[in-house]
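These notes are about the structure you will find just below.
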Amino acid sequence: MEYESTRGDCRSIMSAEAIKKGISPDGGLFVPMEGISVSPGDIEAMATMNYRERAIKILAPYLSDFTPDEVTHCVESAYNANNFDHPAVAPLVVLNNKLSVLKLWHGPTCAFKDMALQILPHLLVTSMDKTGEKAGLLILVATSGDTGKAALEGFKDVPRTAVMVFYPAKGVSQVQKLQMITQEGGNVGVAAVRGNFDDTQSGVKDIFGSGVMGEKTAAQGFKFSSANSINWGRLAPQIVYYFSAYADLLGQKQINPGQAVNFVVPTGNFGNILAGFYAREMGLPINKLICAANENNVLTDFIRTGAYDRNRDFKKTVSPSMDILISSNLERLLFELTGHDAPRVREWMSRLKTAGRYNVDPGTAEKVGELFWSHFASDRETMLSIRQTYNRYNYVVDTHTAVGLNVYDKYRAGTGDDTPTVVLSTASPFKFNASVASALLGDEQTAGKSEFQLLQMLSAFSGLPIPQGLRNLEMRPVLHEKVADREEMPETVLSFVSRLIK
Ligand SMILES: *Cc1c(COP(=O)(O)O)cnc(C)c1O
């Protein structure tokens with residue numbers, strides 16, 4: 001399979017090159033040049049396969065320059081019992097005969113980012129070998145919480161890679177911070193930045209863009225790379241679980257072969273739901289992809305009107321991993337829906353950059369509206385949704401999944417469509433335990449309690465065990481105490497690299 005950039009200047013490169021580069025030199029994102037289709041018979045056959053077998057089936061054609069052994073090696077290194085605490089990897093829970101939940105958080109960090117970040121390091125290292133890359137890769141990450149820890153867990157002790165994560169000192173939860181500063185591994189670095197997420201992210205972007213920094217790290221044997229969701233190596237693995245959910249519905253006789261289903265996706269950067277779009281293009285019988293947003297509802301407006309406008313206040317919500325105003329992966333969707341029209345996509349992206357807004361043409365807007373449906377949930381509705389889900393199904397969900405369930409209710413009420421539907425569950429309730437405990441136990445019970453007390457209380461209330469990755473966090477040794485000003489970030493990276501090569 002060959003890949004091309006959504007901005008048109010980089011074409012016909014193989015997957016190993018696309019994964020290694022991450023972003024195209026022209027600023028665009030890589031997409032496959034041709035479609036891949038999976039036959040109805042192949043989809044049915046997946047019902048009796050395990051997750052690894054399904055992953056190999058879906059990923060192999062996208063990685064056609066990898067040998068079958070290389071694909072198998074990457075898949076088996078990621079989706080195994082050391083990394084995922086459920087044998088199904090991404091288990092499906094049937095709530096009623098129309099509604100199921102797909103749990104994407106059985107990986108080491110308890111959020112869906114693990115589904116891609118457990119395999120990305122192996123795809124990257126294999127890509128380096130295949131392209132004769134001699135340098136090591138230094139992954140720099142700016143995180144608002146979930147991505148940083150998932151990248152640390154994914155890359156820890158992976159040969160020829162190192163990972164340095166920056167997080168805003170006051171911008172992450174206590175649990176998220178402890179997850180990162182207690183991170184083990186010989187090739188990992190973590191530092192807090194005095195500032196907010198924007199300062200942290202722009203600091204990392206400056207380092208990526210700095211010729212001097214590039215030379216200095218190259219002299220130590222490292223090249224910069226990125227693990228964020230613009231890398232095709234993060235997107236492709238996410239296609240797998242759409243097929244896997246469908247195969248499980250077939251296997252459990254919830255649907256008949258060929259029957260259409262809807263997916264509801266709690267969305268931020270549009271990476272997760274875009275994988276659903278590719279699954280649909282490949283032949284998975286998907287009726288609607290339902291984009292669930294929180295009050296940062298820029299995508300809801302876009303899907304309804306064709307106008308993307310980031311000029312609005314950024315809101316901090318109880319579903320922080322969806323607090324995003326620029327959804328980078330939308331660029332890939334626009335490229336696909338315009339029949340790979342790079343000049344048009346380039347024009348829209350340049351308007352987004354200069355004016356913060358763009359309008360797609362009516363034809364493209366119509367296609368978006370045929371495939372997607374969108375609504376959003378306020379914080380109040382999200383908290384209510386946690387409570388209702390528990391009352392209706394005796395099932396505990398986190399805030400992001402609760403946004404999805406609230407939007408599903410709105411979809412049913414608004415359209416009358418009762419197609420069987422799968423809601424993607426993107427985080428363990430224990431990961432956002434403060435909100436979940438307050439929704440289920442009430443503010444009186446939870447006021448003044450530490451996050452660790454709340455973990456215990458939630459576990460006692462729900463009868464669910466605290467996941468391994470969150471257990472005893474407060475007792476683990478702190479290994480990363482560095483706090484840097486934004487200006488000190490380059491120096492922090494250089495001193496991390498020099499420690500590595502000792
Ligand atoms: C990252 C994340 C999302 C949003 O996914 P996108 O691919 O950015 O749309 C939703 N929920 C959780 C818990 C996440 O960590």
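As a basis for the values below, the full set of heavy atoms in this structure was taken, side chains included, without hydrogen atoms, waters or symmetry mates. Order of listing sets the numbers, starting from 1, for every ligand and every atom in it.
For residues 170-183, there are no salt bridge (charged side-chain N to carboxylate O under 4.0 Å, His left out) pairs, not counting sequence neighbours.
Between H340 and F335, the ring-plane angle classifies as parallel under the 30° and 60° cut-offs.
No cation-pi contact links R357 to W348, judged by a cut-off of 6.0 Å to the six-membered ring centre and 45° from its axis.
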What are the polar N/O contacts of ligand 1 with the protein below 3.5 Å, with distances?
unit_1	atom_1	unit_2	atom_2	d
ligand 1	7 (O)	G271	N	3.2
ligand 1	7 (O)	N272	N	2.9
ligand 1	8 (O)	N269	N	2.7
ligand 1	9 (O)	G268	N	2.7
ligand 1	9 (O)	N269	N	3.1
ligand 1	9 (O)	F270	N	3.1
ligand 1	11 (N)	T426	OG1	2.8
ligand 1	15 (O)	K113	NZ	2.6
ligand 1	15 (O)	D146	OD2	2.9

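Shown here are the side-chain contact (heavy atoms from CB on, under 4.5 Å) partners of A88, two or more places apart in sequence or in another chain: H86, P91. Listed by chain and residue number, Y79 satisfy the ring pair (Phe, Tyr, Trp, His ring centres under 6.0 Å) test with Y51 (two or more places apart in sequence, or in another chain).
Rounded to the nearest 0.5 Å, atoms CG (N294) and OG (S378) are 10.0 Å apart.
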